[in-house]
2 protein chains.
Amino acid sequence: MARPSQAKKREAILDAATELFLESGYSRVSVDAIVAKVGGSKRTIYAYFGDKDGLFSALISHLCQKIVTPMVSLDLIGLAPDRALRKMADAFFDVLLAPNTLELHRLVVAESPHFPDAGRAFFSAAPSISYRCLSDYFAWAENEGLITPGSPYNRARLFLDSLTGDIQLRCLLGLVDEPDKEKLRALSDEAIDIFLDGIGYRRASLP
Amino acid sequence: MARPSQAKKREAILDAATELFLESGYSRVSVDAIVAKVGGSKRTIYAYFGDKDGLFSALISHLCQKIVTPMVSLDLIGLAPDRALRKMADAFFDVLLAPNTLELHRLVVAESPHFPDAGRAFFSAAPSISYRCLSDYFAWAENEGLITPGSPYNRARLFLDSLTGDIQLRCLLGLVDEPDKEKLRALSDEAIDIFLDGIGYRRASLP
DNA sequence: CCAGATTGGTACGGTACAGTACCGTACCGC
DNA sequence: GCGGTACGGTACTGTACCGTACCAATCTGG
């Protein structure tokens with residue numbers, strides 16, 4: 001039934017549309033522009049996705065799955081809290097501030113009133129996975145007696161959110177071209193210090 | 001030169017356009033729709049604002065000034081750290097999660113690539129003022145010996161960002177209709193507890 | 001009360017876009 | 001090799017929209 005070219009064509013359409021939508025937003029990209037980029041004809045796009053909305057929805061869920069892949073393989077269990085938070089912060093920044101993530105974020109936030117499913121898909125992908133990963137770690141660490149008792153999920157939220165707000169917003173608004181690696185490091189160092197004190201962990205020696 | 005009706009007309013146009021843009025976004029609102037809402041003719045709008053872009057830009061800076069007014073009068077100096085953070089958290093949530101703020105946020109984030117000035121105006125208004133307010137307090141508190149030394153601005157960012165991320169994003173994405181006051185209270189309580197430990201303040205007695 | 005400017009209402013020009021129709025062509029299973 | 005299906009290319013329809021033009025009504029300052 002499925003010709004080998006079908007899946008590839010569908011993918012090619014999604015890729016081209018993704019690039020355009022991420023760059024310019026939903027309303028500013030015409031179906032003609034997508035056709036001009038991917039080649040072929042409008043007929044094909046409408047055959048695969050029904051209409052422009054359908055293409056957009058398919059594209060968003062496709063992207064949401066794709067962007068968080070570096071996050072799902074992260075395993076913190078067994079690490080000391082300072083090491084775990086450091087590793088988490090680094091991985092988190094890598095995903096959070098990647099150009100594709102920022103553009104997807106902007107796109108989903110902008111269109112979520114008209115595409116509620118896109119909002120749901122994005123949230124369960126982007127922040128939710130990170131929260132859960134760190135939350136699992138905190139549950140383990142608390143069980144090991146490394147940190148004081150407290151809601152693991154709330155702590156994960158607090159920690160990751162404290163890394164997110166300012167720098168992410170400035171990137172989203174185009175006020176920062178390329179985030180300075182050193183400043184990110186300084187920011188996460190401070191967040192880790194405060195947070196470790198707050199959850200009752202004293203690091204053994206020098207970091 | 002200025003007829004008394006001129007300023008009022010301008011304001012009325014801005015108000016009507018604001019409501020429509022906040023609700024549906026820039027591209028989905030036509031100038032005709034604004035005219036239909038405010039009355040009058042397109043001629044008037046183009047006389048005042050030049051074109052649709054000009055109207056949008058004027059509207060954004062107008063809104064940015066308006067939204068943060070509850071924040072500028074906040075004075076924390078003299079309070080104990082736990083009280084100050086509590087007061088700050090309450091005022092911050094009130095502004096951050098107000099429907100108008102969320103819609104403005106969504107709008108500015110969406111359009112910032114095409115309206116860089118809007119991004120700048122929003123950032124200097126919305127988060128920047130709160131950061132500075134809390135930062136000033138931390139500087140004072142450190143000087144009074146109430147908390148351990150540390151960069152006041154970074155601490156302000158960390159604390160406010162830890163309150164922001166998750167709940168704000170869920171509201172932006174339409175996953176939460178009305179934020180639950182009790183849950184907000186619980187969230188800020190936990191953030192305050194952790195943060196007070198992290199900056200070396202032990203509260204005197206019961207909160 | 002009056003000249004002059006501003007506004008309201010409507011219509012219009014030009015353009016861009018979503019979605020469809022049509023036709024020729026290349027590729028598929030058989 | 002052959003019939004059927006999907007694809008590429010282009011043209012087309014209907015619509016929506018930005019910005020302007022025109023004219024009558026209204027208001028302003030003197």
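Just so it is clear: chains get the letters A, B, ... in the order the sequence lines come, proteins before strands, and each one is counted from 1.
Salt bridge A/Asp136/A/Arg132: absent, no basic N to carboxylate O contact under 4.0 Å. Between B/Arg86 and B/Asp82 there is no salt bridge, since no side-chain nitrogen of the basic residue lies less than 4.0 Å from a carboxylate oxygen of the acidic one.
Looking only at distances, a side-chain donor or acceptor of B/Lys52 sits under 3.5 Å from a matching main-chain atom of B/Val29. Between the side chain of A/Ser24 and the backbone N or O of A/Phe21, no donor-acceptor pair lies under 3.5 Å.
Ranked by how close their nearest DNA chain C nucleotide is to the 5' end, A/Tyr46 and B/Gly39 are led by B/Gly39.
Residues B/Phe115 and B/Tyr26 place their aromatic rings such that the two centres sit under 6.0 Å apart.
Under 4.0 angstrom from either OP1 or OP2 of D/dA6 there lies no side-chain N or O belonging to A/Thr44. Contact check, B/Lys52 against D/dC17: no side-chain N or O comes under 4.0 Å of OP1 or OP2. For A/Tyr48 and D/dC7, the shortest distance from a side-chain N or O to OP1 or OP2 is below 4.0 Å. The side chain of A/Lys42 contributes no N or O atom lying less than 4.0 Å from OP1 or OP2 of D/dA11.
The side chain to side chain contact (heavy atoms under 4.5 Å, CB included) check on B/Arg170 picks up A/Phe123, B/Asp166, B/Ile167, B/Leu175, B/Val176, with sequence neighbours excluded.
If you take CG of A/Asp51 and C1' of C/dC17, they are 14 Å apart, rounded to a whole angstrom. Between A/Leu55 atom CG and C/dG19 atom P the separation is 10 Å, expressed in whole Å. To the nearest angstrom, P of D/dA6 lies 16 Å from CZ of A/Arg10. Between A/Lys9 atom NZ and C/dA26 atom P there is a gap of 16 Å when expressed in whole angstrom units. Separating the CD1 atom of A/Ile45 from the C1' atom of D/dA6 is a distance of 15 Å, rounded to the nearest angstrom. Atom CD1 in A/Ile34 sits roughly 13 Å away from atom C1' in C/dG19 (whole-Å rounding).
Which of C/dA18, D/dG9, D/dC22 sits closest to the side chain of A/Arg43 comes down to D/dG9. Comparing atom distances between the A/Asp32 side chain and each of D/dG19, C/dG9, C/dA18 picks out C/dA18 as nearest.
Across all non-hydrogen atoms, the minimal contact from B/Ala80 to B/Tyr201 is CB-OH, 3.9 Å.
Annotation: proximity of residues 14-29 of chain B to DNA chain D (heavy atom, distance under 4.0 Å) is found for B/Val29, numbered in ascending order.
A/Ser41 comes within contact range of at least one nucleobase, with a heavy-atom separation under 4.0 Å.
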